[in-house]
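Inspection log for the structure reproduced underneath, given as structure tokens.
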Amino acid sequence: MNDSTAAYKSRFTSTMMGNWSAPLTTLVRGEGCQVWDADGKRYLDFLGGIAVNALGHAHPVLVEAVSRQVATIAHVSNYFATPPQVELAERLLRLTGAGDSGRVYFANSGTEANEAAVKLARRNGQHKKIIALNNSFHGRTMGALALTGKTALREPFEPLVPNVVHIDSTIEALEAAIGDDVSAIVIEPIKGEAGVIDLPAGFLKRARELTTEFGALLILDEIQTGAGRTGVWFAYQREGIVPDAITLAKGMGGGIPVGALVTFGAASGLFTPGQHGTTFGGNPLATAAANAVLGEIEASGLVENAALRGAQLRAAITAIGSPLVAELRGEGLLIGVGLTAPVAAAVTARALELGLIVNAPNESSIRLAPPLIIGDSEIAEFITLFTQALEASA
Ligand SMILES: *Cc1c(COP(=O)(O)O)cnc(C)c1O
């Protein structure tokens, strides 16, 4: 039943739950950094499924790994270990530097990784507070939603998980909020959903010092920033600190749903058998996919490419000289284009017409999170299309 994009749109709205807005279009196929819709129109994908498609679309390494695994053994339950699961845990402990004293819990999504983190925080002081940041995003399930620093998302679903306190992202607010009554601080190293907003200089370092002093866990939500996206494997590595735990998802599976909580040192001993679990988490299909993605990122130097292409993109966007561009935020290939006027929706709509996918996390920000494989030709095409999209709104 291959229909037109218009027909799919109407079938979508007749069947999908009312939480979703109408889809932008219907995509049927992808290859590298390009996707095609049901009418045969081609797009350059500079959103990458929101920082998920690290290897782009239909990457042969991922296709081969997933095909081989599903034809071998796809699921077994957590009564059993599987080789891809153990291999992925070892790989994450190596790449994060958590090493022999670190441990990994596998989940199926970002929000589930954060649910595990909330339970980890409770194990570090059951009746203590968890501190999270205003304007942060941590997911849609009740624990992760309780952490999320956007009242508009939280309020319709209150009461949420209690004992979560939100503070501004300033060192002064951190110092005022920390105490013996805090079990954990949860931080996005760069606030992706808020519009790719960087933390103030020295914030993570100070959070590390204060959490250590007061026996609280420093938990970093690297669901969007992790797996090479920002030009280092994990954003905390740029700050020269070691957290107690990080959560991962998005880019780590390259499009196959997978998430993880990785703990460092003493935090690795907080859960005891039976305290947390999941049916699908860590299944051989998802972990084989993540091994293939992370292995390819390593083998092809895509962390370095993210740093290099990120710098190249920033320079090229600046060189457009558009009066609409106020500032560039983020690191590597997670880029927030801050606009001088609240026209982000118009810019992304025009871009889509022109055959370019980017997104507007808020009315004055454009987010770019292209596949980590982009090169000169993708950047050149992006600049041509983005220049036209900006001109239409200037
Ligand atoms: C996307 C995201 C989540 C939620 O992940 P899901 O897989 O959508 O549940 C949580 N935290 C951050 C920082 C994210 O970007």
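Order of listing sets the numbers, starting from 1, for every ligand and every atom in it.
- Where the criterion is an N or O separation shorter than 3.5 Å, residue side chain and backbone included, E188 fails it with respect to ligand 1.
- In this structure the side chain of N359 never reaches within 4.5 angstrom of the side chain of I366, judged on heavy atoms.
- Looking only at side-chain heavy atoms (C-beta outward), T287 and N283 stay at 4.5 Å or farther from each other.
- With a 4.5 Å cut-off on side-chain heavy atoms, E298 and R94 count as touching.
- Near G110, meaning under 4.0 Å from any of its heavy atoms, are these atoms of ligand 1: 5 (O), 6 (P), 7 (O), 9 (O).
- The side-chain heavy atoms of L92 and L88, taken from C-beta on, include a pair separated by under 4.5 Å.
- For atom 5 (O) of ligand 1, the nearest protein heavy atom lies under 4.0 Å away.
- For A249, no nitrogen or oxygen atom sits less than 3.5 Å from a nitrogen or oxygen atom of ligand 1, counting backbone and side chain alike.
- Counting heavy atoms closer than 4.0 Å to ligand 1, residue N114 contributes side-chain atoms (C-beta onward) but none from N, CA, C or O.
- The protein atom (non-hydrogen) at minimum distance from atom 9 (O) of ligand 1 is T111 N, 2.8 Å.
- Proximity of W233 to L294: side-chain heavy atoms (C-beta onward) are separated by under 4.5 Å at one or more points.
- For atom 1 (C) of ligand 1, the closest non-hydrogen atom on the protein side is K250 NZ, 1.5 Å.
- Atom CZ of R206 is surrounded by more than 12 heavy atoms from other residues, nucleotides or ligands within 6.0 Å.
- Protein heavy atom in closest approach to atom 11 (N) of ligand 1: D221 OD2, 2.7 Å.
- Considering backbone and side-chain atoms together, E112 places no N or O closer than 3.5 Å to any N or O of ligand 1.
- Q224 and R367 are linked by a side-chain donor-acceptor pair at a separation below 3.5 angstrom, with hydrogens and angles left out of the test.
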